[in-house]
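The structure appears below as structure tokens.
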Amino acid sequence: MAASESRSFMVALCGFSDSERKVLGRAFGLSQIRPQRYLLWEPGSQPPQLCMVNEDQASGREDWAALLRTMNVRSPPVVRVGVSDSRTAEYEGAPQIFFKRPVLASRVLKTLDELVNEAYHFAPDLTIHDDMLVTRDAVGDGSQVAVSGGTKRVLVVDDSESVRKVMELQLTKKGYAVDFAVSGEECLTKVRRQLYDLIFLDVMLPGINGYDVARHLKRDFRVLSPVVMLTSKSSRLDKLKGTLASADAYLTKPLTIRCLEETLQRFLA
């Protein structure tokens, strides 16, 4: 399946109140503009691809057991919803993930995306932005990736874990080594110890902001590597600030995968 395709998943709800079903319905409605679309499963239709079970109510497990009796296929992947995680043997054999209350639309979609990635290996390309819903696991924890000696190395400086994960996914897929920093201070520390072929630098960082970090890199550290600033701000003044800070390029979030590829081609080809 091509990474750019979209796909719909039917979700069976087991043991949820009317109010929570409405919240989940709104979440599923928001998903209709995304590559992973979620639809409420109705009895009598084809078997659901996913289930959500309310573990705080006995009716949740009862509905789950009743659903399994009507299905002639293996257990579908399960999102177990509850106040605390109390895994039981009844879900054995089914991919599962625990979702701790409260039930919020954005968290529901993120959890479903993670389960879909694990169970169906569906992880479409995304635009990269600060509050994105992650659709694929990646290290993204600041650790270095083992690569061959001639591989070009990229530093991503961003305090958003979601951005770091997707950037790592895209960059390592293209064969680059990737390091991470979550603050300007950490960025400067890493640059003292390691040469980078390209640096992606978020503007809004805890502590030193991205503009000041770029100035330190170019004027104090004499870094020759291209510095590409990432920001959700798109005004002319913000772009001018990036230029005055000696940045080599200024990209506005949401950053499309195509724009990322063009930037890599420009600076690393």
Side-chain angles (χ1 to χ4, degrees), residues 3-4 6 30-36 106 109-110 113 123-136 138 140 142 152-174 176 178-188 190-191 196-219 221 223-269:
S4 60
S6 60
L30 293 172
S31 76
Q32 301 312 300
I33 61 173
R34 304 168 64 250
Q36 308 97 314
S106 61
L109 294 181
K110 178 179 178 179
D113 288 348
D125 287 340
L126 298 174
T127 56
I128 300 171
H129 52 90
D130 293 323
D131 57 351
M132 67 194 302
L133 299 172
V134 180
T135 60
R136 185 162 183 178
K152 293 182 178 180
R153 186 172 291 275
V154 179
L155 177 63
V156 176
V157 187
D158 201 302
D159 62 333
S160 168
E161 181 181 6
S162 300
V163 171
R164 295 196 305 274
K165 284 186 176 182
V166 178
M167 287 289 280
E168 181 181 26
L169 176 64
Q170 296 299 323
L171 292 170
T172 55
K173 185 168 62 175
K174 296 179 183 303
Y176 300 115
V178 190
D179 290 347
F180 297 94
V182 299
S183 68
E185 291 85 352
E186 185 179 5
C187 168
L188 297 176
K190 286 183 176 290
V191 170
Y196 292 98
D197 298 284
L198 179 61
I199 299 172
F200 285 101
L201 177 61
D202 189 29
V203 168
M204 302 300 293
L205 293 168
I208 308 174
N209 65 49
Y211 298 126
D212 290 338
V213 173
R215 278 190 285 269
H216 283 303
L217 290 174
K218 291 294 188 176
R219 299 177 188 179
F221 287 57
V223 170
L224 300 178
S225 307
V227 174
V228 178
M229 305 205 72
L230 301 175
T231 181
S232 57
K233 298 181 179 181
S234 59
S235 71
R236 292 183 179 180
L237 177 59
D238 292 309
K239 292 182 179 180
L240 177 60
K241 287 182 179 178
T243 301
L244 293 176
S246 302
D248 297 273
Y250 188 100
L251 302 180
T252 303
K253 300 176 186 178
L255 174 63
T256 65
I257 300 303
R258 179 178 178 180
C259 184
L260 175 61
E261 291 176 345
E262 290 174 350
T263 302
L264 296 173
Q265 179 67 23
R266 174 183 174 186
F267 292 113
L268 297 181

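Just so you know, residue 1 is the first one in the sequence shown, and it goes up from there. Because the structure is predicted, anything quoted here is derived from the model rather than measured.
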> Salt bridge or not for Asp113 and Lys110, using N-O below 4.0 Å?
Replying inline: no
>> Pair Leu264, Leu171 - check side chain to side chain contact (heavy atoms under 4.5 Å, CB included), show working.
In response: CA-CA 9 Å; Leu264 296 173; Leu171 292 170; 3.7 Å; yes
>> Please report the interatomic distance OG(Ser183) to CG(Asn209), rounded to the nearest 0.5 Å.
In response: 12.0 Å
> Are Ser246 and Arg219 close enough that some pair of their side-chain heavy atoms sits under 4.5 Å apart?
Replying inline: yes
> Within the distance-only criterion (no hydrogens, no angle test), does the side chain of Glu186 pair as donor or acceptor with the backbone N or O of Val182 below 3.5 angstrom?
Replying inline: yes
> Excluding sequence neighbours, so at least two apart, what forms salt bridge (charged side-chain N to carboxylate O under 4.0 Å, His left out) with Glu185?
Replying inline: none
> Between Asp158 and Met167, is any pair of side-chain heavy atoms under 4.5 Å apart?
Replying inline: no
>> To the nearest 0.5 Å, what is the distance between CE on Met229 and CZ on Phe200?
In response: 12.5 Å
> Is the backbone of Leu268 close enough, under 3.5 Å, to the side chain of Lys152 for a donor and an acceptor to pair up by distance?
Replying inline: yes
>> Can you tell whether the side chains of Glu262 and Arg258 come within less than 4.0 Å, N to carboxylate O?
In response: yes
> Does a side-chain heavy-atom distance below 4.5 Å link Lys165 with Glu168?
Replying inline: no
>> Quick check: closest heavy atoms across Leu205 and Gly184, and the distance to 0.1 Å?
In response: CD1-N, 3.9 Å
> Looking at Leu217 and Leu188, what are the two nearest heavy atoms and their distance?
Replying inline: CD2-CD2, 3.8 Å
> If you measure from CG on Leu198 to CZ on Phe267, what distance do you get to the nearest 0.5 Å?
Replying inline: 7.0 Å
> So, for Ala181 and Leu155, which heavy atoms are closest and what is the spacing to 0.1 Å?
Replying inline: N-CD1, 4.2 Å
>> Any carboxylate oxygen within less than 4.0 angstrom of a Lys/Arg side-chain nitrogen, looking at Lys218 and Asp248?
In response: yes
>> Just verifying a value: how many Å separate Thr252 OG1 and Leu230 CG, rounded to the nearest 0.5 Å?
In response: 9.0 Å
> Would you say the side chain of Val156 lies within less than 4.5 Å of the side chain of Leu201, judging by non-hydrogen atoms?
Replying inline: no
>> To the closest 0.5 Å, what do you measure between CG (Asp202) and OG (Ser160)?
In response: 8.0 Å
>> Applying side chain to side chain contact (heavy atoms under 4.5 Å, CB included) to Val154 and Tyr196, what does each step give before you reach the verdict?
In response: CA-CA 6 Å; Val154 179; Tyr196 292 98; 5.9 Å; no
> Which atoms form the tightest heavy-atom contact between Phe180 and Arg164, and what is the distance?
Replying inline: CE2-O, 3.3 Å
>> So, using salt bridge (charged side-chain N to carboxylate O under 4.0 Å, His left out) as the criterion, who are the partners of Asp197 when residues are at least two apart?
In response: none
>> Quick check for you: to the nearest 0.5 Å, what is the distance between Ile199 atom CD1 and Arg153 atom CZ?
In response: 12.5 Å
